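Written out below as structure tokens is the structure these notes cover.
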Number of protein chains: 2
Amino acid sequence: MTIGEAAAASGVSAKMIRYYEEIGLLPAAARTAGGYRVYGERDAHALRFIRRARDLGFPVERIAELLALWRDRTRASADVRKVATGHIATLRARIVELQGMVRTLEHLAAHCHGDARPDCPILDDLAEGPRDTVRRDHHG
Amino acid sequence: MTIGEAAAASGVSAKMIRYYEEIGLLPAAARTAGGYRVYGERDAHALRFIRRARDLGFPVERIAELLALWRDRTRASADVRKVATGHIATLRARIVELQGMVRTLEHLAAHCHGDARPDCPILDDLAEGPRDTVRRDHHG
DNA sequence: TCTGGGGCTTCCCATGGTGGGAAGGTCAAG
DNA sequence: CTTGACCTTCCCACCATGGGAAGCCCCAGA
């Protein structure tokens with residue numbers, strides 16, 4: 001398989017495959033006499049694994065851990081779950097952050113006339129900072 | 001005010017102040033004879049504005065729009081609200097994405113023994129792809 | 001066997017914000 | 001005038017991805 005075929009078979013772009021090899025997420029691929037990278041089914045499988053892990057938002061660093069666990073048949077499922085739950089916590093924290101922003105913005109937008117007049121609590125808030133009730137408590 | 005004082009007064013690092021100037025978010029600061037940037041209260045005010053907008057997750061591009069509206073006393077509040085609601089939509093979309101990941105991961109983690117045994121549905125899912133009920137539908 | 005063109009190679013650049021650090025100049029207090 | 005804190009610019013890094021250029025490889029078709 002060429003890198004293009006591996007890309008098509010895995011959903012990971014050729015660019016990214018080379019990048020993953022460069023940063024050591026993947027072992028260096030075998031090469032043809034002419035220098036072309038060659039991939040097998042096993043490689044394509046690993047690439048699909050990576051692709052799915054990325055779709056679930058795992059950073060490359062965690063994916064490396066997951067790949068190592070995957071390849072280690074003596075792994076403990078507890079170790080895998082630890083990686084997963086840690087990632088869940090990270091995602092949840094991010095969600096909470098974003099929800100806080102949304103809450104504040106909704107509050108501000110709700111109090112903005114949204115017409116031709118220039119006065120606007122959104123700008124007032126950005127300019128003068130937190131003054132009233134519902135504020136950036138989520139931030140601390 | 002030196003850049004360090006402006007940074008302390010606004011919560012924006014000196015590095016970032018220079019960066020914002022470089023990308024045109026801020027006008028070039030006045031300079032002393034020796035080349036030091038000089039800031040006034042007005043500048044500090046704008047920096048605090050930027051800081052708060054960033055805390056609300058606005059990308060620099062949107063902040064530029066907000067700053068322009070802020071400085072334009074003939075603005076329509078509707079324009080401000082449009083920027084805000086657009087950003088809210090972006091944030092919400094991101095939240096939905098993250099929630100989808102969390103949902104999938106929770107489902108997988110719940111079915112993982114989490115003990116010393118090696119078999120693990122989390123790895124199975126990453127390796128073999130979506131098979132059962134609760135899947136990455138959120139993704140499409 | 002030659003040729004064409006599509007795919008491959010490496011290398012550099014950009015994104016978006018942020019930080020770190022080096023080399024050198026400035027400023028204000030003493 | 002010295003000293004040391006602060007400023008200047010410039011480069012590098014992160015994370016993950018894409019774009020593009022210059023040049024080489026490979027195979028199908030003539």
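Worth saying up front: this structure is predicted, and the values here are computed from it rather than measured. Chain letters run A, B, ... following the sequence lines, proteins first and then strands; every chain starts at 1.
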Exercise. Would you say A/Arg37 reaches C/dC8's phosphate, i.e. side-chain N/O to OP1/OP2 under 4.0 Å?
Worked result: no

For this session: Using a cut-off of 6.0 Å, state whether more than 12 heavy atoms not belonging to A/Arg31 lie near its atom CZ.
Result: yes

Exercise. OP1, OP2 of C/dT18 versus side-chain N and O of B/Tyr20: anything below 4.0 Å?
Worked result: yes

Problem set entry | Protein-nucleotide distance (A/Arg31, atom CZ; C/dT9, atom C1'), rounded to Å | 8 Å

Exercise. Given atom CD1 of A/Ile17 and atom P of D/dA16, what is their separation to the nearest angstrom?
Worked result: 17 Å

Problem set entry | Interatomic distance, A/Glu22 CD vs D/dG18 P [rounded to whole Å] | 15 Å

Exercise. Minimum heavy-atom separation for A/Ala44 to A/Met1, with atom names?
Worked result: CB-CE, 3.8 Å

For this session: For A/Leu25 and D/dC15, give me the distance from atom CG to atom P, rounded to whole Å.
Result: 12 Å

Seminar exercise, completed: By nearest-heavy-atom nucleotide on DNA chain C, the more 5' of B/Thr32 and B/Glu61 is B/Glu61

Exercise. To the side chain of A/Ile3, which of C/dC8, C/dT18, D/dT17 is closest?
Worked result: C/dC8

Problem set entry | Pair A/Arg48 + B/Glu128: basic N to acidic O under 4.0 Å | no

Exercise. So does B/Thr2 get a side-chain nitrogen or oxygen closer than 4.0 Å to the phosphate oxygens (OP1/OP2) of D/dC7?
Worked result: yes

Seminar exercise, completed: Of A/Gly34 and B/Pro59, the one whose closest nucleotide on DNA chain C sits nearer the 5' end is A/Gly34

Exercise. Using a distance-only test with no angle check, is there a side-chain donor-acceptor pair under 3.5 angstrom linking B/Asp115 and A/Ser77?
Worked result: yes

Exercise. Whole Å only: how far is the CZ atom of A/Arg54 from the C1' atom of D/dG18?
Worked result: 14 Å

Exercise. A/Met1 has an atom CE; how far is it from atom P of C/dC8, in whole Å?
Worked result: 12 Å

Exercise. Contact class for B/Arg18 (heavy atom, under 4.0 Å): base, sugar-phosphate, or nothing?
Worked result: base

Exercise. Of all the nucleotides listed (D/dT8, C/dG21, D/dA16), which has the minimum atom distance to the side chain of B/Lys15?
Worked result: C/dG21

Exercise. Can you find a pair of side-chain heavy atoms, one from A/Ile122 and one from B/Trp70, that are under 4.5 Å apart?
Worked result: no

Exercise. Do B/Tyr36 and D/dC6 share a donor-acceptor pair, side chain to base, under 3.5 Å?
Worked result: yes

For this session: Take the protein atom CD of A/Glu5 and the nucleotide atom P of D/dC26, then report the distance between them rounded to whole Å.
Result: 14 Å

For this session: Round to a whole Å and report the spacing from OH of A/Tyr19 to P of D/dA13.
Result: 13 Å

